[in-house]
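Below you'll find the structure, written out as structure tokens, and then a few comments.
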Amino acid sequence: MIRSSAVALAALLASTSLTSVSMAQTPAASPAPAPASGGFASSEATDPYVWLEDVEGERAMAWVREHNAHSLGVLQGDPRYETLHGEALAIVQAQDRIPSPGFTHDGHIDNFWQDAQHVRGLWRRTTLDSYRTATPEWRTILDVDALAAAEGQNWVYKGSTCLQPEERYCLISLSNGGKDAVTLREFDSVERKFVEGGVVLPESKGGASWIDKDTLLVSRDFGPGTLTNSGYPMVVKRMKRGQSLDQAETLFTGQPTDVSVSGYTLRDADGVVKAVLINRSVDFYSSETWRVGDDGALTQLQLPAKSDISGLVDGRLLVSLKQDWTAPSGQDFKTGDLIAWPLEAWLADPATPAQLVLRPTERQAIEGVNVTRNRLVVALYDNVRGSVRVYTPGPEGSDGEWAHTALDLPQNVSVGVGSASEKDDKVFVSVTGYLNPSSLWLADAATGAVDQVKSMPAKFDATGMTVDQHEARSADGTMIPYFVVHKADMPLDGSNPTLLYGYGGFESSLLPGYSATVGKLWLERGGVYVIANTRGGGEFGPRWHEAALQQNRQRAHEDFQAVALDLIARNITSQPKLGIMGGSQGGLFMGAMLTQRPDLINAAVIQVPLFDMLRFHKLLAGASWKGEYGDPDIPEQRAWIEQYSPYQNLRAGQPYPEVFIHTSTKDDRVHPGHARKAAARLEQLGYPVLFYENVDGGHAAGANLRETARRLALEYTYLSRRLMDTPAQE
């Protein structure tokens, strides 16, 4: 079974009740503008702000400090800030949250917990019976706050990888300030201390996996020539206890143009290694899987380039397909299919027939897969509504579908398949909605029995609120679903302050979910919250994502614009009352809306963004995203990228609102230079800008809960100033 650490806690997927479904036709969004004239920032030589890419350079940091002082002065000086900050801090530090559970191999429950007293967090453990009570008796395994204080380090916990089946010895990942790069240190979870003379791997992106107590698969920075152009490991080594990284045996070397390579073990429910595997990510979506023999010999597995190994149950290897594929057996499979082989037979003969487990329809998507000891559990969404199915393996050697049943859970919600037990067939399932506080259920996949074990109290007053699902017609005629969360008596006169959120990339689905901060800081104060399920996401499976890849990226931008137009056409809001928000790839989304349709919006929260798309591949992990966007060094691909790259398309004389851009100095995934240069260019063109840079925090922009609360308060203070203080359009 492929299994993350017992402490890699199950993320609770969220959801909503739907109160109406409707459709409306809207005007087509405007096409992308032509690239900015004059060749602004068409190369490093023509970019006047390239110096802002010097992350911690003296000149760049002086610029950051100056802008932080201005923006904090404006936003923290607003009389609403203190109230919003207090509410945000109370929410993020609240102790009445559901402790996210992770099954250990022996059936205990692990959890990572942060609150006002434990800002950096606790790794802790209890029994399943105790977890099910209102006041579980937790035993602390590792106190990250105490560790950071004792060592004088700014440690941020990034998870652990424990050796199965005992799971006594673990590799703890510790990040300096929230960076993706981590230091790995061996920890004894029974003695609750770091192992004296144990494994210590210096800071690097990458990871390590256990083969046995004295053997690791290690993918790290081994020195010059061992990282890809994206800054991730290119080499996998097999390291024995007592060896240095230099002494470890090299098993696999990828190419500099790869995204990364990594190693892992495929284990059964008893923790027995069934295969030692290496993954070579050729690009963000295409990969190769190699099996490592005991003698180090490599054999490439015959899998399609766009596919994922999803687990091992009852000796069957589960694989999710992201492309149409004809297997060596001659069987034809479709994009989105979930298939299975008897592992031992397939490894011996790749022509062994596969079994079709599940084929989603055009409006369905598999959003989660996990395996218990004997069952496969799938979160299946239909038109962005979730359900959970349990699959039982079919007879070995047959090509028939697996039998399945549905768990008896609330309807018209989002569901998340969480941690699953290897000891038996228990699995945690989360259920939630935009207006429905999250609840946690314990299911027995063997019997179908479900029991609600935890539920969240309401964190905001949802009295009189409702959720609608509408569809907007994009420029090419595709219908784009979106959710609107609002008060039921909302006037349809364009007067409602409305926040439109989008992401639109990397097959990441925006599933309905309960957000206490959105509810308390926005909805409760009369705001409307809208979530756009644009192409580029995974709401309808791999094809929905692929429709906006590379040369088709503009489709996702047009989808987002179509939702904005539809909101205005329905008189839900109007330009003076409409704001947008998104981060990372979503920050690029916001930049495209700003440069292409500024006439539709009056606010934009641009979080840790991509912005200079002609240089994204040269900054930190950017080269790994060529599979999503294309390669600016290839003229044909550069041509479509420069059509929408926000940095190059900013111009004078446009109706840009004052935007709020924020990033983190410690973000080692999306370079903070994107955000800095966006703000500098806007100011050069004469536009007011609010810019804030957290000096810690990594890509999540919050190294601890206090900084998270400050960021939230800044965002909603800004939105209040722009959208709640502005009169509606006459």
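These figures come from a predicted structure and were not determined experimentally.
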Side-chain (Gln331) to main-chain (Ala354) donor-acceptor, under 3.5 angstrom: yes
Identified side-chain hydrogen bond (donor to acceptor under 3.5 Å, both in side chains) counterpart of Thr478 within the set Glu558, Arg555, Arg535: Arg535
Passing candidate, side chain to side chain contact (heavy atoms under 4.5 Å, CB included) with Arg389, options Leu380, Ile366, Val377, Val357: Leu380
Minimum-distance pair of heavy atoms, taken over all atoms of Pro491 and Ser495: CG-OG, 3.8 Å
Backbone N/O of Asn496 and side chain of Thr573: donor-acceptor pair under 3.5 Å: yes
Whether Phe660 and His662 hold their rings parallel, tilted or perpendicular, with breakpoints at 30° and 60°: tilted
Modelled atom types, side-chain donor and acceptor of Arg669 and Ser584, under 3.5 Å: no
Parallel, tilted or perpendicular: ring planes of Tyr285 versus Phe506, cut at 30 and 60 degrees: tilted
Side-chain (Glu546) to main-chain (Trp544) donor-acceptor, under 3.5 angstrom: no
Six-ring centre of Phe428, Lys454 cation under 6.0 angstrom, axis tolerance 45°: no
Check: Arg375 main-chain N/O paired with Asp314 side-chain donor or acceptor under 3.5 Å: no
Of Leu407, Asp444, Asp425, the residue whose pairing with Val390 passes side chain to side chain contact (heavy atoms under 4.5 Å, CB included): Leu407
N-O pairing of Arg363 and Glu471 below 4.0 Å: yes
Ala458 to Pro437 - nearest heavy-atom pair and separation: CA-CG, 3.8 Å
Side-chain (Thr595) to main-chain (Gly591) donor-acceptor, under 3.5 angstrom: yes
4.5 Å side-chain heavy-atom contact, Val384 and Leu511: yes
Ring geometry between Phe460 and Tyr514 (parallel below 30°, tilted from 30 to 60°, perpendicular above 60°): parallel
Donor-acceptor side-chain pairing of Gln355 and Trp402 below 3.5 angstrom: yes
Parallel, tilted or perpendicular: ring planes of Phe616 versus Trp625, cut at 30 and 60 degrees: parallel
Interatomic distance, Arg132 atom CZ to Asp451 atom CG [nearest 0.5 angstrom]: 4.5 Å
is_close_aromatic(Phe589, His557), centroid dist under 6.0 Å: yes
Side-chain (Tyr381) to main-chain (Val415) donor-acceptor, under 3.5 angstrom: yes
Qualifying residue, where the test is side chain to side chain contact (heavy atoms under 4.5 Å, CB included) with Asn602 and the options are Ser574, Pro497, Pro657: Pro657
Side chain to side chain, Ile109 and Phe103, heavy atoms closer than 4.5 Å: yes
Short N-O contact, Arg359 and Asp337, less than 4.0 angstrom: yes
Carboxylate-amine/guanidinium proximity below 4.0 Å for Arg543 and Asp324: yes
